[in-house]
Amino acid sequence: MSDVRVRFCPSPTGNPHVGLIRTALFNWAFARHTGGTFVFRIEDTDSSRDSEESYEALLEALRWLGLDWDEGPEVGGDYGPYRQSERREDYSAMVRRLVESGHAYECYCTTEELEERREQAKAEGRPPGYDGHCRDLDDTARRAFIDQGRSFVVRFRMPDTDYTWEDLIRGEITFAAGQVPDFVLQRANGEPLYTLVNPVDDAAMRITHVLRGEDLLSSTPRQIALYEAMIEIGAFAGPVPRFGHLPYVMGEGNKKLSKRDPSSSLQYFRDEGFLPEGLLNYLALLGWSLGGDVEFFSKEQMAQAFTLERINPNPARFDPKKALAINGDWIRHLGNAELADRLVPYLVRDGVLEDPPTPAQVELVAAVVPLISERMETLGQASGMVGFLFTDDVSIDADDAAKIMGDQSAEVLAAALTALTAVEQWDTESIEGALRTSLIEELGLKPKVAFGPVRLAITGRRVSPPLFESMELLGRERSLARIAALEGA
Ligand code: GLU
Ligand code: ZN
């Protein structure tokens, strides 16, 4: 093992979204590439927003994706607990030490006062951040505030210096002195904030590299200042971790992919029938490349080749079409047997199969997979494609019927029925032979006119898996009954 230690540290609020998963993937790949440790930590310090359900969803998401963690919930490790809700004592102790050493102070300003001064600052063209009002309160002033019934937050005293770091992805970044106002570490109700707990735990857990989204860039100077304070008071041996900020992911209309957009949630991709392999492969491309023009690769291949130098700092564009195409490639890469296994839950979900499916249904899924794998981009598409095989009550799509059925259709169906009744061996070849002889050669029809109505009768649709193969799978009786039904309709 190398001493690289990275972490994935989501807050359990809402559904995990793909931006978050990309962060997890890049950290995982870096840990695996370097032989380091991938720490999974739950930042559940905001009791008003965190939920147990979302916590479970996070664990389940990483498991589904196959992003295994070396330390964290359910796995344990030397630096636990890995849920911040269980580390409260540490945070209060750290706040006390920071206040005692003068690195932090009590701020008694009310929301209204802060708001008023912010407005005033804006009006006067000054920066609107906290103005340091309570930096140097003496005991008398503090007691007076307490007597007024005020409560306090704890703020960190930002030193008046520039903060510069060599970002692992973006190169040198500097926040000039005075640019970052004193920030809150602990709420009035005693709850610690992200600004405190994240660096405190990164220090405690010996994190060496912080790879996270660019949206967190502005918290980095704050965190570096806090690390330096912790080092100064002997609460942290150092060194300060290195930081790398992953590029933004842009969605539709060149806007940042929104966490709130349901179609950027992991659940959406699972519901659609993305494979974990396909989704990870696509997410890897949001800022990273394997080299050459290779766009199809597994997470293991990614891990093997993963270097931070190949992360592109420019915003990445989320391209749903490309995501689908890559997923389609993965679907075909699985092989038929594996694909059939993965399809079953989706077919059950959509009511195509019984729950649990019968052995005959499972066998039929295996038989139809080779007919549809070429056309699939998601597992969720299969139900619409193969549903007709698993029901006796196929419904004819009205729009498709309007396009297909014409003057000759009744005659076509009657001829097809006669020809198929005479077929001795019910297999693809014989079915095709009988229909071609009867409809194309004898009636002189074009294939589209000839086979369109038959396809509609069998599948209910204008577009379907290959017709003759489908009829073989459906069986003679059901095929004939469907053609007869449409003929009589
Ligand atoms: N809980 C934070 C988030 O999910 C972690 C950010 C970080 O990596 O520092 O936004
Ligand atoms: Zn104040």
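Both counts, for ligands and for their atoms, begin at 1 and track the order of listing. Values below: all heavy atoms of this structure, side chains included; hydrogens, waters and symmetry mates excluded.
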Proximal protein residues to ligand 1, non-hydrogen atoms under 4.0 angstrom: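 Under the 4.0 Å cut-off, ligand 1 touches Arg7, Cys9, Pro10, Ser11, Glu43, Tyr194, Asn198, Arg212, Leu216.
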
For the aromatic rings, using the six-membered ring if either is Trp, is the centroid distance between Tyr163 and Phe175 under 6.0 Å?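 No; Phe175 has its ring centre 6.0 Å or more from that of Tyr163.
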
Side-chain donor-acceptor pair under 3.5 Å between Asn198 and Arg222, yes or no?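 The answer is no; no qualifying pair exists.
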
What pairs meet the ring-ring contact (aromatic ring centres under 6.0 Å, His included) rule with one or both residues in residues 290-327, with sequence neighbours excluded?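 Residue pairs passing ring-ring contact (aromatic ring centres under 6.0 Å, His included), neighbours aside: Phe26-Phe306, Phe269-Phe318, Tyr282-Phe318, Trp288-Phe297, Trp288-Phe306, Phe296-Trp330, Phe296-His333.
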
Would you name the heavy atoms of Pro241 and Val210 that are closest together and state the gap between them?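 Taking every non-hydrogen atom into account, CB-CG2, 4.0 Å.
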
May I ask you to determine how many protein N/O/S atoms are under 2.8 Å from the Zn ion (ligand 2)?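 For the Zn ion (ligand 2), protein nitrogen, oxygen or sulfur atoms under 2.8 Å: 4.
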
Is it possible for you to check whether Arg83 lies under 6.0 Å from the centre of the six-membered ring of Tyr55, through NZ or CZ, and within 45° of that ring's axis?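 Ring-cation test returns yes.
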
Arg150 charged N/C atom sitting above Tyr108 aromatic ring, 6.0 Å / 45°: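 So Arg150 doesn't make the cation-pi contact.
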
Taking only residues two or more places apart in sequence or in another chain, which ones pass side chain to side chain donor-acceptor pair (under 3.5 Å) with Glu191?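 Glu191: side chain to side chain donor-acceptor pair (under 3.5 Å) contacts with Ser47, Arg187.
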
Would you indicate whether Glu166, at its atom CD, is surrounded by more than 12 heavy atoms from other residues, nucleotides or ligands within a distance under 6.0 Å?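 It does: Glu166 CD has more than 12 such atoms within range.
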
Roughly how far apart are Asp182 CG and Arg157 CZ, rounded to 0.5 Å?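 Between atom CG of Asp182 and atom CZ of Arg157 there are 7.0 Å.
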
